[in-house]
Amino acid sequence: MKYDAILILDFGGQYCHLIGRRIRELGVYSEIVPYSISPEEIKQLNEEFNIKGLVLSGGPSSVLENGAPKINPKILDLNLPILGICYGHQLLAYMAGGEVAPAGRKEYGVAYVNINKPVDILKGLGSVEKVWMSHGDTVFSLPQDYEVLAYNENCPVAAFRHGQKPIYGLQWHPEVVHTEHGMQVFVNFLFEICKCEANWRMENLVDKLIEEIKTEIGCGKAIIALSGGVDSSVAAAIAARAIGDRLTAVYVDHGFMREGEDVFIREAFQNFNLNLLIVKAKDRFYNRLKGVTDPEEKRKIIGEEFIRVFEEIAEGIGAEYLIQGTIYPDRIESGFNKLSDKIKSHHNVAGLPTRTKFKKIIEPLRDLYKDEVRKVATLIGLPEELVKRQPFPGPGLAARVLGEVTEEKVEIVRRADAIIREEIEKTEFKNHLWQYFAVLTNAKSTGVKGDARAYGYVIAIRAVESCEAMTASFARLPYELLEKISTRITNEIPQVVRVVYDITHKPPATIEWE
Ligand code: XMP
């Protein structure tokens, strides 16, 4: 069956990928392609899907710069509906001969636009809409053939349409949750303008992923890096469906795992019908981290050591492929896209050495967000305790011990983490929080325990709410709960004298401290 599909032309915008996600949410298949795609390539893709429309994403460039990224103008003659968002909006206006110039006042964040024509792409919107803007240039005027649909004080052309052709531009970002009626814009574009059928389901996605793995691996063998989190578990279950017992799941215990993790892994995977290998490799990780304090260096070392362990195992069983449960936010934060900034090296992405012995590293979930992975997990029947697990970083507790990683410090943070988990899991908060954990800061502080001076570590509690980890808010936990956790930590862990609560959102902080 050929599915209706939308192509998203990528200009390197931070939210480009979210456009794909919103379209998927509405049951339509979408594919992100480079902005430089040719009309011939689009026609070729049309053999696989019914391409019903194009979206031009946002991006950090200015159409006014020399060498600014532009679409092939012949794409405009394909007669496909086109929606330009932010940079895409400016580019369509500029290519049509409109006036684009640096904005008098740059807008970043929430803004309000007046909708003067709630038609076509803006059908169903109110006269004033709350939207998310993030732009330096502005469209000031358009040629005769075009009609302005929305404006505000900084943007005389905040939305437009062509008089005869299905070409639309929006200065704001409908894909970002802060745009109140962003989904309505996608509904209009997909179903009113492109006449798409909403027939794309998560089930189709699972089938597609299985097929992709089959094609990549052929009759070869693979190992999957299993961490016990939902991402790698889903990747393992899908890969097992694709290649059966030619897959071996390898769980590497680097010594930075949470309390009780080994037992959890054995129990969770015993009914999985997987070749499961648990590798104890604590000493080699600690040895390599001796004296290392820089967070990025720590991540890189752990990532590299992981790969070396996997290479050794793979060699032993003759596996040429490594499968990982990397998801989209891991990749964007690791700066995989030349135009996006690197926040940190998620160890399963940028933390990996550039040379490995594997023929290929396969990341079947690379385009999904965590909540989508959870949906797939439920769909393929993974047990609830796996589906609902909080995310845990690849470098494990080593990313939660600031400064040099020592066995003593890891043991302290492991105990504190277990106490936080125990106390939060007695409450309703466990169902609403994205993550809750302990961080061992590298501050030491004075205290008094049992009438005597004590000098010891400071533990920070981190608990956040989030939808997909790209942004997060610190959780407003009740003081009583924080008090219980703090008292238990200082009572049960002799080396800790002080507990603090992290009240920073992401941004500006990240969720993990390193
Ligand atoms: P940050 O700290 O960047 O984290 O806000 C976003 C989410 O990703 C998790 N995280 C990782 N996951 N490998 C992973 O698989 C990593 O190296 C890694 N670092 C952070 C983090 O726990 C949060 O959920």
Side-chain angles (χ1 to χ4, degrees), residues 14 17 224-236 251-252 254 256-258 261 285 289 294-307 310 322-336 340-353 361 363-374 377 386-402 405 413 417 420-421 432-439 460-475 502 504-514:
Q14 269 210 329
H17 202 265
I224 173 141
L226 195 65
S227 72
V230 64
D231 307 340
S232 60
S233 304
V234 166
Y251 168 78
V252 177
H254 45 23
F256 316 128
M257 288 302 187
R258 286 169 289 194
E261 199 65 10
F285 280 89
L289 287 173
D294 177 72
E296 276 298 289
E297 205 182 331
K298 277 157 70 175
R299 281 177 171 268
K300 290 245 155 91
I301 290 174
I302 296 171
E304 183 180 350
E305 206 51 33
F306 250 110
I307 283 289
F310 290 131
L322 173 68
I323 303 175
Q324 296 206 111
T326 316
I327 60 171
Y328 184 73
D330 300 341
R331 294 198 300 137
I332 186 83
E333 293 212 330
S334 301
F336 81 98
S340 318
D341 204 15
K342 173 167 159 182
I343 311 296
K344 63 178 70 167
S345 305
H346 285 239
H347 99 263
N348 41 0
V349 195
L352 295 185
I361 296 179
E363 294 171 328
L365 312 179
R366 63 187 173 276
D367 286 328
L368 300 186
Y369 290 80
K370 180 78 81 186
D371 57 325
E372 294 181 302
V373 175
R374 289 197 167 117
L386 259 179
V387 176
K388 289 199 170 157
R389 286 205 107 188
Q390 29 169 344
F392 187 63
L397 299 176
R400 295 178 181 172
V401 166
L402 308 194
V405 181
V413 84
D417 174 76
I420 293 172
R421 283 196 285 153
H432 311 302
L433 296 184
W434 175 263
Q435 264 171 305
Y436 38 95
F437 56 86
V439 175
I461 304 171
R462 182 77 164 138
V464 296
E465 290 166 5
S466 177
C467 293
E468 24 46 5
M470 300 292 283
T471 59
S473 315
F474 75 83
D502 180 352
T504 337
H505 300 314
K506 172 184 180 175
T510 53
I511 295 176
E512 305 286 345
W513 275 39
E514 284 200 336

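Worth saying up front: this structure is predicted, and the values here are computed from it rather than measured. We count ligands from 1, going down the list as the structure has it; atoms in each ligand are counted the same way.
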Counting heavy atoms under 4.0 Å, the part of Arg299 that contacts ligand 1 is side chain
Could you list the residues that satisfy side-chain contact (heavy atoms from CB on, under 4.5 Å) with Glu305, not counting sequence neighbours? Arg284, Phe285, Arg288
Interfacing atoms of ligand 1 (cut-off 4.0 Å, heavy-atom, Pro395): 16 (C), 17 (O)
Aromatic rings His17 and Tyr369: how do their planes relate, parallel, tilted or perpendicular, breaks at 30° and 60°? tilted
Which one of Asp330, Asp231, Ile361 satisfies the side-chain contact (heavy atoms from CB on, under 4.5 Å) criterion with Gln324? Ile361
Interatomic distance, His254 atom NE2 to Ser227 atom OG [nearest 0.5 angstrom]: 8.5 Å
Go through ligand 1 atom by atom and flag the ones less than 4.0 Å from a non-hydrogen atom of Thr510. 1 (P), 2 (O), 3 (O), 5 (O)
May I ask you to check whether Gln435 has an N/O atom sitting below 3.5 Å from an N/O atom of ligand 1? yes
Got a sec, which residues hit side-chain contact (heavy atoms from CB on, under 4.5 Å) with Pro295, two or more places apart in sequence or on another chain? Glu514
Interatomic spacing from CD in Glu363 to CG in Leu322 - rounded to 0.5 Å: 8.5 Å
Subset of ligand 1 atoms that lie under 4.0 Å from at least one heavy atom of Gly394: 13 (N), 14 (C), 15 (O), 16 (C), 17 (O)
Would you check whether Ile511 has a nitrogen or oxygen atom less than 3.5 angstrom from a nitrogen or oxygen atom of ligand 1? yes
Contacting atoms of ligand 1, where contact means under 4.0 angstrom from a heavy atom of Pro391: 24 (O)
May I ask whether Trp434 has any heavy atom positioned less than 4.0 angstrom from an atom of ligand 1? yes
Closest heavy-atom pair and its distance - Arg389, Gly228: NH1-O, 3.0 Å
I need the atoms of ligand 1 closer than 4.0 Å to a non-hydrogen atom of Lys506, numbered in the order shown. 1 (P), 3 (O), 5 (O), 6 (C)
